[in-house]
Every structure is written in structure tokens, then in C-alpha cells.
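Inspection log for the structure reproduced underneath, given as C-alpha cells.
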Amino acid sequence: MDMLIEKIKSEGVVLSPSVLKVDSFLNHQIDPKLMHEVGRDFADRFSNSGITKILTIESSGIAPAVMAGLHLNVPVVFARKRKSLTLVNDLITSTVYSFTKEETSEISVSKKYLSEKDNVLIIDDFLANGQAALGLADIAEKAGSSIAGIGIVIEKGFLKGGQQLREKGFRVESLAIIDSLENGMISFEKTSENVEELLR
Ligand code: G4P
């Protein structure tokens, strides 16, 4: 995705060799045009997969997930990290450990919105150690849904999450894969799709 790579290059801020700040278009302020294209790209990649529902996690997964849902014409469910006042009964839950934040959180989805009839596409903004994606996959499996794949906006390819998910047999489609954030520089993995943009 040229537009995404261009945006990361121009607005991404390397906070440390393992953390990239993209607050200006993904994690705080959101760029709707970019998200629209992100959603289109996910929809194109999974257009023949028979997706019936998109599953994501609050908060930063919601924007790309909604746009993918718009293009695939399917509903979007987001797992909650906080207990909801109205969402109390019939919950499917899983626990997610964040290596970045060093904390465990319980995530939940109502049974009402996921079932064995669903073929789910999991979407998230970042893939680091893969814990959020695994928690979402666990929820989908507990609901009896099938999982068509996992769509990620930015994968940190130098961490183990992507490899672990792929080794488990999940189809993981990441729109931008970052190889390294060493020395304050963002370097991207070369793919047949982004090679022209990277050479520019
Ligand atoms: P994992 O799910 O792949 O194991 O990731 P991890 O627990 O390490 O990540 C915890 C949170 O930090 C997630 O957001 C994730 O999206 C985010 N994150 C991980 N690496 C980066 C990074 O390099 N840059 C940025 N900007 N975010 C990163 P969250 O806490 O759930 O926040 P939000 O979705 O409410 O915004």
C-alpha cells in the first residue's frame, strides 16, 4: 500500500527501537481517506473468502475494521477491554497479555454477535507479539466461528507475532511490514507490492 507507506514515512515517529508513533493518522487522529483505502485493500485481499463478519478490538482497530466492513458489506464487532454497563450477559471472553504494557486484560464480545455461522476476518492496527490477534482468534473459536484470516495495518516484522500466527496456520495479511526501527530509522520489508515506493 503505497499511500500507507508514504504516510508512515512522512508522519511516523520512532519512539524507541521497538515503538513507532503514528498518532497523526491511526492511533489518535484518524485519516479517513487513508482508512478508506486500507479498508479497500483488506476487502480486495479477502474478497473471495466468504467473510460474514469482521472482528477487531477497541480502540485503534475500529477505524480500519469499519472501513473493511464497508467495502466487504459485512458488520463489524469490536471486543471490549473494559466492562460495559449494558454488555453483561452471555459474554465470550479471553485474556490478552500485552508485552508492551506489561499487563493482562480481559476482552469480551457478546454471544449475540458471533456464532458458528460466521466466517470471521480479524483486523487490528498493529501486530507486535500477536497477543491481541490470538485473543480475538480465541473468542471467534469459542463462538464456533471459522476464521478466514487476520488483516493488520502495520506489522512489526522484527517481533515474533506474525511468524507465530502464520505457523499456527492463520492467513495473515499485513499492509505494511516494518523490518527495523533501529537508529531512529523506519525500514520496511520489501514486497513485490511496495518495492517501487521504497525505491522512491
Ligand atoms: P500484540 O497484541 O501484538 O502482542 O501487541 P502488544 O500487546 O505489544 O500491544 C499493546 C498495544 O500497543 C496495542 O494497542 C497495540 O496496537 C499497540 N502497539 C504495539 N506496538 C506498537 C507500536 O509500535 N506503535 C503503536 N503506536 N502502537 C503499538 P492498545 O493498547 O490496545 O491501544 P489502542 O488500540 O486502544 O490504541
Side-chain angles (χ1 to χ4, degrees), residues 1 4-5 7-32 34-35 38-39 42 54-69 76-84 87 93-109 120-141 147 149-168 170-189:
M1 258 213 86
L4 174 64
I5 287 178
K7 198 78 168 172
I8 297 171
K9 279 179 167 177
S10 61
E11 297 184 21
V13 178
V14 180
L15 287 189
S16 76
S18 64
V19 179
L20 175 69
K21 187 175 162 86
V22 285
D23 267 17
S24 67
F25 61 90
L26 183 59
N27 292 136
H28 194 21
Q29 175 171 265
I30 293 169
D31 181 333
L34 176 65
M35 286 307 120
V38 160
F42 284 135
I54 291 178
L55 177 62
T56 187
I57 182 165
E58 65 174 341
S59 53
S60 300
I62 296 175
V66 166
M67 290 302 180
V76 178
V77 184
F78 66 89
R80 290 184 181 268
K81 292 179 192 160
R82 287 166 286 274
K83 294 266 180 288
S84 155
L87 191 67
T93 61
S94 188
T95 47
V96 173
Y97 177 74
S98 167
F99 289 95
T100 311
K101 294 185 170 170
E102 296 182 353
E103 63 184 30
T104 301
S105 56
E106 185 169 78
I107 63 170
S108 54
V109 167
V120 170
L121 170 59
I122 292 169
I123 289 209
D124 207 0
D125 57 334
F126 266 92
L127 173 57
N129 295 292
Q131 298 302 302
L134 283 172
L136 292 172
D138 184 39
I139 283 185
E141 279 159 8
I147 300 169
I150 300 172
I152 298 292
V153 182
I154 303 174
E155 174 177 345
K156 294 199 282 191
F158 54 89
L159 294 179
K160 289 272 178 276
Q163 189 188 332
Q164 278 170 3
L165 292 173
R166 292 177 179 101
E167 280 172 6
K168 281 181 184 291
F170 291 111
R171 175 181 170 198
V172 182
E173 294 283 343
S174 299
L175 305 191
I177 302 181
I178 291 175
D179 256 355
S180 158
L181 294 171
E182 292 295 329
N183 305 316
M185 302 275 292
I186 308 170
S187 81
F188 294 89
E189 183 172 284

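Every number for a ligand or one of its atoms is a count from 1 in the order of the listing.
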N/O donor to acceptor pairs below 3.5 angstrom from side-chain atoms of residues 94-105, sequence neighbours left out:
unit_1 : atom_1 : unit_2 : atom_2 : d
S94    : OG     : D138   : OD2    : 2.7
S98    : OG     : T100   : N      : 3.4
S98    : OG     : K101   : N      : 2.9

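- Contact shell of ligand 1 (protein heavy atoms, cutoff 4.0 Å): S18, V19, L20, N27, E58, S59, S60, K81, S98, F99, T100, K101, D125, F126, L127, A128, N129, G130, Q131, A132, K156.
- No hydrogens or angles considered: a donor-acceptor pair under 3.5 Å links the side chains of E11 and S24.
- Counting only residues at least two apart or on different chains, the salt bridge (charged side-chain N to carboxylate O under 4.0 Å, His left out) pairs with a member in residues 157-168 are E155-R166.
- With sequence neighbours excluded, the residues satisfying side-chain contact (heavy atoms from CB on, under 4.5 Å) with D125 are L26, N27, S60.
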Quick one: do F126 and V153 satisfy side-chain contact (heavy atoms from CB on, under 4.5 Å)? Show the steps, please. CA-CA 6 Å; F126 266 92; V153 182; over 6 Å; no
Could you give me the CA-CA distance, side-chain angles and deciding distance for L55 and I123, then say whether side-chain contact (heavy atoms from CB on, under 4.5 Å) is met? CA-CA 6 Å; L55 177 62; I123 289 209; over 6 Å; no
